[in-house]
Structures are given as structure tokens and as C-alpha cells.
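Input: a single structure, listed below in C-alpha cells.
Both backbone and side-chain heavy atoms feed into the values below; hydrogens, waters and symmetry mates do not.
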Amino acid sequence: MKRARHPAPDEIGLVGVMGALSDPIRVGLVRVLADGRERGWGELRAPVAKSTLSHHLRVLRDAGITRTREEGTRCYVTLRRDDLEARFPGLLAAVLDAARGDDVGAHVGLRTD
């Protein structure tokens, strides 16, 4: 498995972050991860194929929004809240508030099985 690359905090760009957050599935993933807990990819539920979910997670990682940790054959993801807040103060909170208000990404959640 190829090791994931994460941009350094000063490499996180506004255009990349906004582009990554332009998809409702990705906004939903950020909403799920906003609780601060690390989640295994298998815990995440979205109305897309596994390969498409993997693509969405890669877009979030490449933009600097999430961090992926590999452990054997499993992958875990967390929100880079502190890095985003340092780079763009208030942006994540504003996006999360607007997403909740408009119900964007509510169809994404955690598996219950």
C-alpha cells in the first residue's frame, strides 16, 4: 500500500479546501468527523460505492482537511481541525453550521451494523 501524503499546514490552500467541500458527500464526511474521533473507513456510511467513498476520502486528505493513518490493512481518518483553524480561522465552524442548517451531507453517517 502506498503511504498517504498529507500537506503541511502551510501548504493547505483555500481553493483546495473549498473545492473539496463542494461535494455533499464530502461535507457529510466532515460532519461525521467533526466530533473529533478517529474513524475507521469501514465505520463510515455513505450512499456510494466503496471505491467512490475512497475517492472522496482521498480528496479530503489531499486538500489537508483530513489525516489518514494506516494500520496494517486498515485505514483510519481524522479531521485536521487544529490545522484548518490555524490556517483559516472560523472557516470550518462556518461550514459546519451552514451544513447543519441546510441539512447538507445528512445522508452520510456511521454504520450501525
Side-chain angles (χ1 to χ4, degrees):
M1 182 182 294
K2 195 166 80 171
R3 183 148 307 272
R5 183 194 177 284
H6 299 91
D10 63 340
E11 295 176 328
I12 299 172
L14 181 62
V15 172
V17 169
M18 297 305 289
L21 294 174
S22 67
D23 184 278
I25 297 285
R26 293 191 289 265
V27 171
L29 290 167
V30 170
R31 286 180 66 178
V32 168
L33 296 170
D35 68 2
R37 295 186 58 200
E38 180 180 66
R39 300 288 182 181
W41 285 16
E43 294 180 66
L44 302 171
R45 177 188 49 78
V48 295
K50 285 182 182 181
S51 61
T52 304
L53 179 59
S54 178
H55 165 76
H56 286 303
L57 289 166
R58 182 179 52 82
V59 169
L60 290 170
R61 183 192 70 226
D62 290 349
I65 297 170
T66 61
R67 178 170 305 282
T68 300
R69 179 178 66 84
E70 300 166 9
E71 186 175 293
T73 59
R74 298 183 187 262
C75 291
Y76 299 89
V77 63
T78 55
L79 188 63
R80 293 177 66 179
R81 182 183 293 272
D82 292 342
D83 290 338
L84 291 169
E85 185 61 26
R87 189 79 172 96
F88 309 109
L91 177 65
L92 184 59
V95 167
L96 290 169
D97 286 346
R100 278 190 290 274
D102 290 350
D103 211 25
V104 176
H107 58 300
V108 177
L110 295 171
R111 294 196 178 281
T112 57
D113 48 33

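Annotation: the span from Arg111 atom CZ to Arg39 atom CZ amounts to 13.5 Å, rounded to 0.5 Å. To the nearest 0.5 Å, the span separating CG on Leu53 from CZ on Arg58 amounts to 12.5 Å. With rounding to the nearest 0.5 angstrom, the NE2 atom of His55 is 9.5 Å from the CG atom of Leu60. Note that NE2 of His6 is 4.5 Å distant from OG1 of Thr68, once rounded to the nearest 0.5 Å. Note that CG of Leu33 is 10.5 Å distant from CD1 of Ile65, once rounded to the nearest 0.5 Å.
Put simply, Val95 and Val32 are part of the same group of oily side chains (I, L, V, M, F, W, Y) that touch within less than 4.5 Å, one to the next. The hydrophobic cluster containing Leu96 also contains Val77, counting ILVMFWY residues as joined when their side-chain heavy atoms lie under 4.5 angstrom apart, directly or transitively. Hydrophobic clustering (ILVMFWY, side-chain heavy atoms < 4.5 Å, transitive): Ile25 and Leu92 are in one cluster. Hydrophobic clustering keeps Val59 apart from Leu57 (ILVMFWY residues linked when any side-chain heavy atoms are closer than 4.5 Å, directly or through intermediates). Residues Leu21 and Leu79 share a single hydrophobic cluster, defined by chaining ILVMFWY side chains whose heavy atoms lie under 4.5 Å apart.
At least one donor-acceptor pair closer than 3.5 Å links the side chain of Arg87 to the backbone N or O of Ile12. Of the possible polar contacts, none joining the Arg31 side chain to the Gly109 backbone as a donor-acceptor pair under 3.5 Å is found. Proximity of a side-chain donor or acceptor of Arg81 to a complementary backbone N or O of Gly36 within less than 3.5 Å is not detected. Of the possible donor and acceptor atoms, one in the side chain of Thr66 sits under 3.5 Å from a partner among the backbone N and O of Arg61.
Residue Gly19 comes nearest to Ser22 through the heavy atom pair O-OG, 2.6 Å, listed as atom of the first residue, atom of the second, then distance. When every heavy atom of Trp41 is checked against every heavy atom of Ser54, the shortest pair comes out as CZ3-OG, 3.7 Å. Ala20 and Ala63 get closest at one heavy-atom pair: CB-CB, 3.7 Å. Considering every non-hydrogen atom in both Gly64 and Leu84, the closest pair reads O-CD2, 4.0 Å.
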Task: Derivation of the side chain to side chain contact (heavy atoms under 4.5 Å, CB included) call for Leu14 and Phe88 - done: CA-CA 8 Å; Leu14 181 62; Phe88 309 109; 3.8 Å; yes

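Put simply, the side chain of Arg45 does not reach to within 4.5 Å of the side chain of Thr112, judged on heavy atoms.
Applying the side-chain contact (heavy atoms from CB on, under 4.5 Å) rule to Thr78 yields the partners Glu38, Arg67; only residues at least two apart in sequence or on another chain are considered.
A 6.0 Å sphere centred on CZ of Arg37 holds no more than 12 heavy atoms belonging to other residues, nucleotides or ligands.
Applying the salt bridge (charged side-chain N to carboxylate O under 4.0 Å, His left out) test to residues at least two apart or on different chains, the pairs with a partner in residues 5-25 are Arg5-Glu11.
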